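As the structure is a computational prediction, the values presented were derived from the model and not from experiment.
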Amino acid sequence: MRKGLWYGLLFTAPAILGFVIFTLGPMIASLVLSLTDFNVFKDQTSFVGFSNYARLFSGEDELFYQSLGVTFYFVILRVPAVIIISFAIALLLNMNVKGRSIFRTIIYLPSIVPAIASAMIWMWLMNPDLGLLNSMLSWLHLPTSNWLYAEGSVIPSVVLTTLWGIGSTVIIFLAGLSGIPQSYYEAIEVDGGGWYSKLRQITIPMVTPTLFFNTIMTIIGSFQVFNEAYILTQGGPNNRSLFYVFYLWRTGFRDTEMGYASALAWILFIIIMVFTYIIFRTSKSWVYYEGGERP
């Protein structure tokens with residue numbers, strides 16, 4: 001037993017050390033920095049206690065609430081869109097049709113395209129004057145849009161660009177669908193049930209553990225959105241796409257207020273933890289496990 005324990009520790013040591021050095025250590029450092037006025041261009045760093053947090057919630061920093069509102073709006077739009085569209089595509093790709101593996105590959109490929117390349121493609125597609133999307137709308141005699149360049153449409157447009165890379169979520173749904181025993185569907189067919197009965201009584205209940213995982217990961221990823229704001233909009237127009245992580249990055253690396261940026265990071269951490277906790281607590285009422293286990 002002792003020898004097996006040492007072998008286990010030996011093989012897990014790289015992962016443990018990586019977590020301690022690159023995750024836990026920086027988290028503790030950022031917590032300490034959030035209680036200071038650390039600035040890379042200041043000679044001295046002073047302990048300020050919870051002054052950074054007081055500055056956040058006092059209303060002195062209007063961009064804090066602006067970035068929170070923008071991010072929550074993005075999360076509310078993106079999470080249902082990603083889950084519903086990914087699940088629908090997974091259902092289609094799970095059908096026994098010719099060339100299924102090719103379609104799966106096509107769906108997954110955009111998720112591994114570099115973020116900058118994807119952003120450049122979408123900037124061209126959404127160009128108000130020369131973009132392909134507006135050209136198609138004009139050809140169909142439909143109203144055009146300013147997409148990323150208008151305050152009212154910038155967040156829905158960014159959500160649209162993120163749907164380009166839902167291939168990994170689709171693959172996870174496919175893994176969940178492939179684990180459903182075919183005997184369940186055969187039992188429904190014997191009872192005279194059709195596709196809707198199969199979807200409602202078999203597919204959706206059996207795929208809820210996968211739905212649970214994808215929902216959590218999509219929420220976390222949506223709160224941490226950065227590339228789209230940095231590459232596509234730079235927070236504009238008029239801060240209407242000032243996502244929280246982009247504001248955090250701008251505060252820390254452009255304005256060099258690392259102490260204040262660390263406080264922003266911990267507020268985001270708490271928000272994500274709260275949403276994750278809520279999903280875990282409510283999962284007992286909607287996540288079904290065949291063996292009766294609960295997360």
Return all side-chain donor-acceptor pairs below 3.5 angstrom for residues 75-90, not counting sequence neighbours, or 'none' if the list is empty.
from	atom 1	to	atom 2	distance (Å)
Arg78	NE	Thr162	OG1	3.1
Arg78	NH1	Ser222	OG	2.8
Ser86	OG	Val82	O	2.6

Give me the atom names and distance for the closest heavy-atom approach of Leu33 to Ser262. CB-OG, 3.6 Å
Can you tell me how far CD1 of Ile271 sits from CD1 of Ile267, rounded to the nearest 0.5 angstrom? 7.0 Å
Got a sec, which residues hit side chain to side chain contact (heavy atoms under 4.5 Å, CB included) with Leu35, two or more places apart in sequence or on another chain? Phe47, Phe50, Tyr53
Asn52 side chain to Ser34 backbone, donor-acceptor under 3.5 Å: yes
Heavy-atom closest contact (Gly235 atom, Ser241 atom, distance): C-OG, 3.1 Å
Salt bridge (charged side-chain N to carboxylate O under 4.0 Å, His left out) involving Arg100 - partner list, sequence neighbours excluded: none
How long is the span from the CD atom in Glu228 to the CG atom in Leu160, to the nearest 0.5 Å? 11.5 Å
Would the distance check show the side chain of Asn239 and the main-chain N or O of Leu242 forming a donor-acceptor pair, the cut-off being under 3.5 Å? no
Sequence neighbours excluded, which residues qualify as side chain to side chain contact (heavy atoms under 4.5 Å, CB included) partners of Ser46? Asp37
Are any non-hydrogen side-chain atoms of Val158 and Thr161 less than 4.5 angstrom apart? yes
Do any pairs count as a ring-ring contact (aromatic ring centres under 6.0 Å, His included) and have a residue in residues 138-158, sequence neighbours left out, and if so which ones? none
Show me the donor-acceptor pairs, under 3.5 Å and distance only, between side chains in residues 108-121 and residues at least two apart or in other chains.
from	atom 1	to	atom 2	distance (Å)
Ser111	OG	Tyr108	O	2.5
Ser118	OG	Pro114	O	3.3
Ser118	OG	Trp164	NE1	3.4

Counting only heavy atoms not in Ile102, do more than 12 fall under 6.0 Å of its CD1? no
Does anything in residues 219-245 form a ring-ring contact (aromatic ring centres under 6.0 Å, His included)? List the pairs, not counting sequence neighbours. Phe72-Phe223, Phe74-Phe243, Phe223-Phe275, Phe226-Tyr230, Phe226-Trp249, Tyr230-Trp249
Kindly determine whether Trp286 and Ile279 satisfy side chain to side chain contact (heavy atoms under 4.5 Å, CB included), including the steps that lead there. CA-CA 10 Å; Trp286 60 274; Ile279 295 174; 4.3 Å; yes
Can you list the steps and then say if Leu232 with Met126 is a side chain to side chain contact (heavy atoms under 4.5 Å, CB included)? CA-CA 10 Å; Leu232 293 175; Met126 292 183 171; over 6 Å; no
Is there a continuous path of hydrophobic side-chain contacts, each under 4.5 Å between heavy atoms, that joins Leu133 to Met123? yes
Can you name the nearest heavy-atom pair linking Gly131 to Ser135, along with the distance? O-OG, 2.9 Å
Nearest atoms (heavy-atom pairs only) where Ala150 meets Pro237: C-CG, 3.7 Å
Least distance between heavy atoms, Phe57 atom then Tyr65 atom: O-OH, 3.0 Å
Can you sort out the partners of Gln44 under side chain to side chain contact (heavy atoms under 4.5 Å, CB included), two or more places apart, ordered by chain and number? none
Supply the atom-to-atom distance Ile220 CD1 to Thr215 OG1, rounded to the nearest 0.5 angstrom. 11.0 Å
Could you give me the CA-CA distance, side-chain angles and deciding distance for Gln224 and Ile272, then say whether side chain to side chain contact (heavy atoms under 4.5 Å, CB included) is met? CA-CA 9 Å; Gln224 295 177 335; Ile272 292 175; 4.0 Å; yes
Determine whether Val70 and Tyr247 satisfy the following criterion, side chain to side chain contact (heavy atoms under 4.5 Å, CB included), listing intermediate values before the conclusion. CA-CA 11 Å; Val70 167; Tyr247 178 54; over 6 Å; no
Ignoring hydrogens and geometry, is there a side-chain-to-backbone donor-acceptor pair from Asp61 to Leu56 under 3.5 Å? no
Quick check: do Leu63 and Arg250 have side-chain heavy atoms less than 4.5 Å from each other? yes
In one Ile/Leu/Val/Met/Phe/Trp/Tyr side-chain cluster, 4.5 Å: Met273, Phe280: yes
Straight-line distance of Trp122 CH2 to Asn127 CG, nearest 0.5 Å: 14.0 Å
Sequence neighbours excluded and cut-off under 3.5 Å, please list the side-chain donor-acceptor pairs for residues 166-181, or say none.
from	atom 1	to	atom 2	distance (Å)
Ser178	OG	Leu174	O	3.3
Ser178	OG	Ala175	O	2.8

Can you list every ring-ring contact (aromatic ring centres under 6.0 Å, His included) pair that touches residues 255-274, not counting sequence neighbours? Trp266-Phe269
I need the minimum non-hydrogen distance between Tyr184 and Met206, along with the two atoms involved. CE1-CE, 3.8 Å
Looking at Met27, I'd like to know if its CE atom is crowded, meaning that more than 12 non-hydrogen atoms belonging to other residues, nucleotides or ligands lie closer than 6.0 Å. yes
Going hydrophobic residue to hydrophobic residue with side-chain gaps under 4.5 angstrom, can you get from Val48 over to Leu264? no
Could you tell me whether the side chain of Thr208 and the main chain of Tyr288 form a donor-acceptor pair under 3.5 Å? yes
Value for CG (Asn214) from CD1 (Ile219), rounded to nearest 0.5 Å, stands at 11.0 Å
Enumerate, atom names and distances included, each donor-acceptor pair closer than 3.5 Å involving a side-chain atom of residues 10-20, sequence neighbours excluded.
from	atom 1	to	atom 2	distance (Å)
Thr12	OG1	Gly8	O	2.8
Thr12	OG1	Leu9	O	3.3

Rounded distance (nearest 0.5 Å) linking atom CG of Asn39 with atom OG1 of Thr256: 3.5 Å
Mind listing the side-chain donor-acceptor pairs of residues 192-203 below 3.5 Å, one per line with the distance, residues two or more places apart or on another chain?
from	atom 1	to	atom 2	distance (Å)
Lys198	NZ	Glu189	OE2	2.5
Thr203	OG1	Tyr185	OH	2.7
Thr203	OG1	Lys198	O	3.3

Could you check if a side-chain atom of Phe253 sits within less than 4.5 angstrom of a side-chain atom of Met258, using non-hydrogen atoms only? yes
Just wondering, do Thr144 and Pro128 contact through their side chains at under 4.5 Å, heavy atoms? no
